[in-house]
K.L.:
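There's a structure below that I have some questions on.
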Number of protein chains: 2
Amino acid sequence: MLTSRQLQILKVIIDDFILTAQPVGSRYISKKESVESSPATIRNEMADLEEMGFLEKTHSSSGRVPSEKGYRFYVDHLLSPSQLSKNEKTEIEGTFGQRMLEFEQVVERSAGILSNLTNYTSIILGPEVFENKLKQLQITPLNKETAVAVLVTNTGHVEHRVFTIPVEIEPSDLEKMVNILNDRLKGVALIELPNRLNEEVFSLLREHAEHYNDAFHYLRSALVDDKPAKLYVGGKTNMLMQPEFRDVDKIRSIMSMIEEERDIAKLLKTNDQGIQMMIGHENPFDALQHCSIITANYYLGNQQVGTIALLGPTRMEYNRVVALIEELSKNMTKTFKEWY
Amino acid sequence: MLTSRQLQILKVIIDDFILTAQPVGSRYISKKESVESSPATIRNEMADLEEMGFLEKTHSSSGRVPSEKGYRFYVDHLLSPSQLSKNEKTEIEGTFGQRMLEFEQVVERSAGILSNLTNYTSIILGPEVFENKLKQLQITPLNKETAVAVLVTNTGHVEHRVFTIPVEIEPSDLEKMVNILNDRLKGVALIELPNRLNEEVFSLLREHAEHYNDAFHYLRSALVDDKPAKLYVGGKTNMLMQPEFRDVDKIRSIMSMIEEERDIAKLLKTNDQGIQMMIGHENPFDALQHCSIITANYYLGNQQVGTIALLGPTRMEYNRVVALIEELSKNMTKTFKEWY
DNA sequence: TTTAGCACTCGGAAGAGGTGAGTGCTAACA
DNA sequence: TGTTAGCACTCACCTCTTCCGAGTGCTAAA
């Protein structure tokens, strides 16, 4: 167990290193109000903390730097989420005070706020669209060969897909067909659509007109939804301002990963409640070994639909960031609740 | 006027510098097959070329490096667009050989091809949506207060906007209303919609039901289209591989500009036919002073709708890039032509 | 247990010297 | 008159050394 002096010293070191990115020395710590001891005593304590794995040295005669274990201990035991500053409050209230009607808008602005206020990169994982329920289907012919199917879901999300149609289809037939489809498919989850089409609707359509065999085939392909959850990224260039990422190669691997989307999306997809943190090697990706990721989920009603995350160096302002993310996920959840 | 030997030397220098990013010396040039003279002669010519402003030295005893004027002369007079390589051909044909139905898909893949094959950053400016003509309008109520308006245009583009509705509206009334709107607004350009609504439709709606005063107001706001043309960017991280952009600050200003979108969009918006090039300071933005931008337009029918561009260092493989962009803009134009 | 003192370590800045790729200039040559 | 060989010169870059200072660990005294 750590003594209270060790706790204090560890906290001072991490707090200071987060601010300056410079190794912290014993003399400097001794001058802090919160610590009374002399540099020599502090050196002894630091040596102990290093032995326990909470601190590291960059070279044999340098000051101390937090290890990943140190950060982990810090966020688990020493973290006191800070109050939001006036500036932060006004920015959040200014945005969520406005009436927003579109999901994308809320998410995009949230990502913007998060990256603006932190100088880190914000990543928001959107909802899995395929869980949405169909509210209305519309098919609009574009020319002789193609038509566009538009699906509006219960959450106000709009999907569209262009597909080929058999030449023979008549406008009036099409209308009939769309009516049947709407009648039978309303309320069905998008991912279920192709199946439902098979079971119920096919026979029904067949009764009402010819040539539906072909049409059916094409329509079905149009209704298959294989789009992954969308990723909203804010402040991509913020990473370039962090001193630990002055190295172009490091930055490139991180940015490639963000651009790739797939791995990041997988990483963020959790169902856990509250704030989650991954510090350095706690995530499996080489590119993110010097990064920390803080995530929180947001909800639509009681259902968790997406994740809001912040990507920064392991030397992250955890206390500020945690407060911010908590506040934002609350605001998002609240906004969505008002809609439904 | 330049002698043919000077032309040859200039070409060798630029070709080589584009490949290696290293200053080119006289001894090296003299060993090239295409040049017969001795290093001393070449030095004399190089001194002349420098005096004329086509070459520069990085320091007093370094080899020569092309100046922006040099590049400009090169692309104007020495450029022989290269044949596409087998690799390039298969990648393009592989993509455009598939049947693609959606505009976004074509543009996104084109951007992908361009950045993959070049290691530069590709930027494609989408069409101005507001010029599209309305094909079908649909309004779907989401809850008591909001509805989503979906607009399908003649190009298969789908726009949607959530808007507030007055509480009193009945489903059957809504259907009537949508029918009237579709009847009156089909074929109208999106940007014209709000006006048309004023002139013709308002009175018509009024005759058919009460409460349209309010509904009208909200609907109108939903039909205002202020979205700028969309930007499709591919290979954002490619810039980080160019040796001239090892400097994090340079990269940051370039990436911020791309992320910003507004200035880039303005820069790309041209009506000129054929390939356009901006070399270094020929563009007005500080961040892009060491970049070149090659653009070509693509067409929908005879109408120019968007621009396809490649952003790289001034030391760009102009001959390859020009051939590629030409080929791609042709393929895009052709694909779109088949649709309409 | 704490602290003062001291020798020690190491990164980083500054300077010196050497190397090599490249130049410009001059004078001889075809 | 244009071309070329020869040569002195320049400058980036590398390496080696030196010096400095911030910081350490250890020891012995308080």
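Computed over heavy atoms, backbone and side chain alike; hydrogens, waters and symmetry mates excluded.
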K.L.:
Can you list the residues that meet the ring-ring contact (aromatic ring centres under 6.0 Å, His included) rule with B:F54, with sequence neighbours excluded?
P.N.:
B:F73
K.L.:
Does a sphere of radius 6.0 Å around CD in B:Q83 hold more than 12 heavy atoms from other residues, nucleotides or ligands, not counting ones at 6.0 Å or beyond?
P.N.:
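No, not enclosed.
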K.L.:
Could you tell me whether the phosphate oxygens of C:dT23, OP1 or OP2, come under 4.0 Å of any side-chain nitrogen or oxygen in B:R64?
P.N.:
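Yes, within the criterion.
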K.L.:
Could you check if a side-chain atom of A:E91 sits within less than 4.5 angstrom of a side-chain atom of A:N116, using non-hydrogen atoms only?
P.N.:
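Sidechains of A:N116 and A:E91: in contact.
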K.L.:
Identify each atom pair where a protein N or O and an N or O of nucleotides 15-20 of chain D are less than 3.5 Å apart, giving names and distance.
P.N.:
none

K.L.:
Who are the salt bridge (Lys or Arg N to Asp or Glu O under 4.0 Å) partners of B:K269, not counting sequence neighbours?
P.N.:
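So B:K269 forms a salt bridge (Lys or Arg N to Asp or Glu O under 4.0 Å) with B:E128.
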K.L.:
Run the side-chain hydrogen bond (donor to acceptor under 3.5 Å, both in side chains) test against A:H281 and tell me which residues pass, sequence neighbours left out.
P.N.:
A:E68, A:Q289
K.L.:
Under 4.0 Å from any atom of DNA chain C, heavy atoms only: list the residues of residues 44-57 of chain B that qualify, in numerical order.
P.N.:
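Within this stretch, B:M46, B:K57 sit under 4.0 Å of the strand.
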K.L.:
In the structure I gave you, are the side-chain heavy atoms of B:N297 and B:Q276 within less than 4.5 Å of one another anywhere?
P.N.:
no
K.L.:
Filter on side chain to side chain donor-acceptor pair (under 3.5 Å), then keep only pairs touching residues 231-240 of chain A, sequence neighbours left out; what's left?
P.N.:
A:E104-A:Y232
K.L.:
Look only at the side chain of A:Y71 and the backbone of A:Y318, and say whether a donor-acceptor pair between them is shorter than 3.5 Å.
P.N.:
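Checking the backbone N and O of A:Y318 against the side chain of A:Y71, no donor-acceptor pair under 3.5 Å is found.
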K.L.:
Kindly write out the residues that satisfy salt bridge (Lys or Arg N to Asp or Glu O under 4.0 Å) with A:E88, not counting sequence neighbours, or none if the list is empty.
P.N.:
A:R320
K.L.:
Run the side-chain donor-acceptor check on residues 23-36 of chain A: report pairs under 3.5 Å with partners two or more places apart or on a different chain.
P.N.:
from, atom 1, to, atom 2, distance (Å)
A:S26, OG, A:R43, NH1, 3.2
A:Y28, OH, A:D16, OD1, 2.7
A:S30, OG, A:R27, O, 2.7

K.L.:
Under the side-chain contact (heavy atoms from CB on, under 4.5 Å) rule, what do A:M277 and A:I275 come out as? Steps first, then yes or no, please.
P.N.:
CA-CA 7 Å; A:M277 311 203 193; A:I275 302 260; 4.2 Å; yes
K.L.:
If you measure only the distance, is there a donor-acceptor pair under 3.5 Å linking the side chains of A:N319 and A:S82?
P.N.:
no
K.L.:
Under a 3.5 Å cutoff, is there a donor and acceptor pairing between the side chains of B:T41 and B:S38?
P.N.:
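Yes, because at least one side-chain N or O of B:T41 sits under 3.5 Å from a partner of the opposite role on B:S38.
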K.L.:
Taking the side chain as everything from C-beta on, heavy atoms only, tell me whether A:E260 gets closer than 4.5 Å to A:I264.
P.N.:
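Sidechains of A:I264 and A:E260: no contact.
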K.L.:
What residues from residues 5-42 of chain A pass a heavy-atom cutoff of under 4.0 Å to DNA chain D?
P.N.:
A:G25, A:S26
K.L.:
Which protein N or O atoms sit under 3.5 Å from an N or O of nucleotides 7-10 of chain D?
P.N.:
from, atom 1, to, atom 2, distance (Å)
D:dT10, O3', B:S60, OG, 2.9
D:dT10, O2, B:S61, OG, 2.5

K.L.:
Compute the bend angle of the helix from C:dT1-D:dA30 to C:dA30-D:dT1 from the end axes (five pairs per end), rounded to 10°.
P.N.:
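End axes: 20° apart.
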K.L.:
Residues in side-chain hydrogen bond (donor to acceptor under 3.5 Å, both in side chains) with B:E282, at least two apart?
P.N.:
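Once residues adjacent in sequence are excluded, the partners of B:E282 under the side-chain hydrogen bond (donor to acceptor under 3.5 Å, both in side chains) criterion are B:R72.
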